[in-house]
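Down below is the structure, laid out as structure tokens.
One is the number of the first residue; the rest follow in order along the sequence. No experiment lies behind these values; they were computed from the predicted model shown.
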Amino acid sequence: MLQCLPKNCQDLRKINLEGCHKLENRSLKYFVKCKKLSHLNFSHCYYFQDCGIIFLADGLPEIKSINLDGISLTDRGVKGLVDSHYLFLEEVELDGGEKEISDVGLEQLSRCKQLKHLGISFCECLTDQSLEYLKELKNLVYLRLSKGRDFSSDGLSSFFKEASLSKLRVLNLSECIEVNDQVVSDMLQANMENLDLSGIGSIYGECLLRVPEEMTKLKFLDLRLCRQILDNLIDDIVQRKKDLKIEQTCKNEYLFLMLCT
């Protein structure tokens with residue numbers, strides 16, 4: 001099937017092969033013959049490795065969007081991608097699982113000044129140094145840094161105080177355990193539309209009382225498993241901001257989770 005692409009689809013610009021587990025590095029030779037490809041989704045194509053992604057980056061003239069979530073990419077693969085396409089990249093999705101993408105990879109990504117969308121799952125090897133590199137990305141509209149367990153409260157506060165986030169509309173810090181009320185207060189300067197703080201047990205929520213006045217564009221707030229936040233506080237916010245949807249863990253759901261664990 002892939003052999004048909006370069007023969008019949010020379011104008012192909014976007015391709016989505018998410019979850020195609022049988023694809024391997026050797027399959028990429030067919031994609032590099034489609035020179036107009038700029039938007040690629042290889043999410044959870046498990047057999048792709050650094051060498052394959054570097055081959056792809058070298059063979060295509062202009063990659064704007066690439067989804068490599070669920071792939072065991074390392075800093076080497078990130079560098080190969082960025083070296084070839086730092087002038088063009090606008091959207092990047094990566095998987096930081098198994099401690100394979102470190103601060104070195106984020107330093108490389110900070111060269112991509114056109115980057116608007118950055119999503120990293122399992123940021124388990126990223127530290128506050130990565131947040132310093134992210135301050136260089138002034139065009140971010142979407143940012144996901146889930147499970148960043150080594151981000152400190154001070155590092156996160158500094159990021160939201162000092163980074164230029166005027167364009168940021170979607171922020172996901174789910175399971176970043178050092179996010180606290182002070183960090184949330186500092187992020188209020190970014191006028192977002194979607195904020196995901198799910199799985200953070202250190203937020204008590206009084207900082208959220210400022211949301212109706214200071215985050216006027218916010219439409220969705222995910223507070224699932226934020227168990228320290230009182231229901232009456234959430235009720236007060238919703239009463240004052242009628243267009244805001246807040247996702248919470250209901251008591252029955254919480255009981256179910258407790259029984260399952």
Quick check on Tyr47: does its OH atom have over 12 non-hydrogen neighbours (other residues, nucleotides or ligands) under 6.0 Å away?
no

For the pair Tyr46 and His21, name the ring-plane relationship: parallel under 30°, tilted 30 to 60°, perpendicular over 60°.
parallel

Tyr204, OH atom: more than 12 neighbouring heavy atoms under 6.0 Å
no

I'd like to know whether NZ of Lys14 has more than 12 heavy-atom contacts from other residues, nucleotides or ligands below 6.0 angstrom.
no

Less than 4.0 Å between a side-chain N and a carboxylate O, is that true for Glu175 and Arg149?
yes

Thr127 backbone acceptor or donor facing Asp103 side chain under 3.5 Å
yes

Is the closest basic N to carboxylate O distance between Glu136 and Lys113 below 4.0 Å?
yes

Kindly say whether Leu60 contributes a backbone atom to a donor-acceptor pair with the side chain of His85 at under 3.5 angstrom?
yes

Lys79 and Asp75 ion-paired at < 4.0 Å
no

Does Lys245 NZ have over 12 foreign heavy atoms under 6.0 Å away?
no

Looking at Glu213 and Arg210, is there a salt bridge between them, counting it only when a charged N and a carboxylate O are closer than 4.0 Å?
no

side-chain contact (heavy atoms from CB on, under 4.5 Å) with Leu56: of Val32, Leu37, Leu81, only one passes, and it is Val32

